[in-house]
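Each remark here refers to the structure printed beneath this line.
The sequence lines fix the lettering, A, B, ..., with proteins before strands; numbering per chain opens at 1.
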Amino acid sequence: MPEKLQLVAKNCYIYRAGDSPVAIHVYLSQKLRADFTEAEALEQLYNASLLPGVVGPVIGMPDIHTGYGLPIGGVMAADYERGVVSAGAVGMDINCGVRLLTTRIPAAEIERAILTKLLAAIARRVPAGVGRVSQVKELRRASLEAVAAGGARYFIQEGFGRGEDRERIEDGGCLSGADVAAVSKEARERADQLATIGGGNHFVEIGKVAAVLEEGLAARFGLHKDHLYILIHTGSRGLGHQICTDYSNLMWANGEQNGTPAPVKGLACAPIASRDGQNYLKGMALAANYAFANRQLITHFIREAFVEVLKKPEEDLGLDLLYDVAHNIAKKEKHGAKWLLVHRKGATRALPAGHGDNPGCYLATGHPAIIPGSMGTASYVVVGTGEINKTFCSVNHGAGRVMSRKKARQEFSREDLLNQLGGVVVAARDIKFLKDEAPLAYKDIDAVVATLAEAGLTRPVVRLQPLGVLKGEGEEA
DNA sequence: ATGTTC
């Protein structure tokens, strides 16, 4: 495997395997390259390069690790006219993503005890953990048709947000074409989880802006040194999971008759123009809108919790939405002269300054791309540069795992985890359920973010440092 | 990621 990675530009390798019809690029710093052992993830990029209508390069981001079908940290673009869509190449958690709120609260004013109170006030409103459903009956029963039609906008209009939030969400918080009729009854029955976080790597985090790296951009984004921020990481919960499972099975079963057999089930696919392909995209859009709505509702409850605990009016606290980005999704986009369906699985869109798909407020700068680290480690806000077209305007989505969940649960004790957290306050049922989320189960976020910056693709704007985090429990050792 | 091995 190692000898098949050939350095062609700063931090950019070509993976030479088999008779791949299109190029495969993997972005790794020298250090990440030296530590990289995951041949299986590269094999998955190769398999993706074989799918009909794929337009090169297929890309591995610096946070790449083995996934189901396409690796996490994978980008695969398909020609919109003659290419395929793959449910597995979007991922199980459709529109898993992150949103960042800025505040006017100096971190120095928030003692540990207040931080704990804030996390508890959020936890009372926003359930965390696998299988948890909405706390509020009306949200458990919210109209899926309304979510399909409006996404986050529907709930903003219902009072769960501010008008200005609308344009500070990728695609305005609403993909067109979402259709409830395109998903199974089983999927619809799982749509009772709005305003919940879930488990795994999902979280709500409170931290402070630790370092300003691009002063002008940080000021325009309202990110000021030593002020608090809030980061929300979650997705479409059981609904998206069920839609992915259903369509992955359907695409696998119909691969031959659709003329698009896949090399492995995880890359089961259908022509974009086919009935299966179109129906998946309608279901994917529904889950995407559900996830945008989920993060919007969580934002509302966080604002409420801050006002309650800090006993100040919301406008004094800020709690402004900076941006909300998806990192498991497929998008119809024009790159060069071609319309493509860009699958980003564990990859974040980062449109450069001047790109017409930026919201108006970020047209001059490029929108902020938000890159969370692991629990207890830094996160970053970056923007794409003029070179970002090399990755179909994509950047990494996080740090990326280096250790499986299972291995991390065996490897680390409760005390190991506490040590690795270095004083970050954790609100969770018991941290023994979070060993699989230990910081050392992930790559070094600083090295991962530096990789694309050194390659000239991104400009890091701020480095964020966590102070406290709300997590849903996973499994005990 | 996930009503955590239908």
Side-chain angles (χ1 to χ4, degrees), chain A residues 41 44 63-74 86-98 127-135 140 183-194 196-204 232-250 252-253 265-267 283-284 286-288 290-292 294-295 298 325-330 343-348 372 374-375 396-401 403-410 428-430 432-437 441-442 471-477:
Chain A
Q44 292 182 328
D63 54 345
I64 186 171
H65 58 102
T66 305
Y68 173 68
L70 196 67
I72 321 298
S86 167
V90 167
M92 284 294 195
D93 188 4
I94 295 167
N95 191 6
C96 186
V98 281
V130 175
R132 299 291 302 275
V133 300
S134 315
Q135 183 98 331
R140 285 198 296 276
V183 309
S184 66
K185 180 165 181 284
E186 203 176 5
R188 295 195 301 271
E189 284 171 351
R190 292 181 71 172
D192 57 358
Q193 296 181 303
L194 285 168
T196 67
I197 299 174
N201 60 3
H202 290 169
F203 61 77
V204 170
I232 301 160
H233 180 199
T234 185
S236 51
R237 310 284 285 100
L239 173 67
H241 186 273
Q242 191 64 49
I243 292 170
C244 177
T245 304
D246 291 342
Y247 275 99
S248 188
N249 288 335
L250 184 77
W252 185 242
K265 190 174 178 187
L267 286 169
M284 183 200 77
L286 171 65
Y290 191 85
F292 284 134
N294 189 24
R295 295 193 287 271
I298 292 170
V325 291
H327 56 223
N328 276 7
I329 203 156
H343 298 69
R344 295 189 183 87
K345 180 177 182 181
T348 305
S374 64
M375 180 175 64
N396 58 295
H397 85 308
R401 297 194 76 88
M403 203 183 279
S404 70
R405 294 192 178 279
K406 189 178 168 188
K407 175 130 192 281
R409 285 194 290 262
Q410 291 165 350
R429 193 150 65 89
D430 190 318
K432 73 184 175 190
F433 298 110
L434 300 176
K435 287 189 255 178
D436 54 341
E437 283 294 303
Y442 286 85
K471 293 282 287 184
E473 71 272 18
E475 262 178 281
E476 195 179 349

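Rounded to whole Å, atom P of B/dT4 lies 15 Å from atom CG of A/Asp93. The interatomic distance linking A/Tyr247 (OH) with B/dT2 (C1') rounds to 19 Å, in whole Å. Atom CZ in A/Arg409 sits about 13 Å away from atom P in B/dT4, given to the nearest Å. In this structure, A/Glu437 atom CD and B/dT4 atom P are separated by 18 Å, rounded to whole Å. Atom pair A/Arg132:CZ and B/dT2:C1' shows a separation of 16 Å (rounding to whole Å applied). Distance CZ (A/Arg344) to C1' (B/dA1): 20 Å, rounded to an integer number of Å. For A/Gln193 and B/dT2, the CD to P distance is 8 Å, given to the nearest whole Å. If you measure from atom OH of A/Tyr68 to atom C1' of B/dT2, you get 13 Å, rounded to the nearest angstrom.
An OP1 or OP2 oxygen of B/dA1 is reached within less than 4.0 angstrom by a side-chain nitrogen or oxygen of A/Asn201. Contact check, A/Arg405 against B/dT4: no side-chain N or O comes under 4.0 Å of OP1 or OP2.
Residue A/Gly238 is classed as a sugar-phosphate contact, given heavy-atom separations below 4.0 Å to backbone atoms only.
Taking the salt bridge (charged side-chain N to carboxylate O under 4.0 Å, His left out) definition, one finds that A/Glu186 meets it with nothing, sequence neighbours left out.
Under 4.0 Å is where a charged nitrogen must lie from a carboxylate oxygen, and between A/Arg409 and A/Glu437 no such pair does. The residues A/Asp192 and A/Arg140 are annotated as not salt-bridged, no charged nitrogen and carboxylate oxygen being separated by less than 4.0 angstrom.
The ring of A/His233 has its center closer than 6.0 angstrom to the ring center of A/His327.
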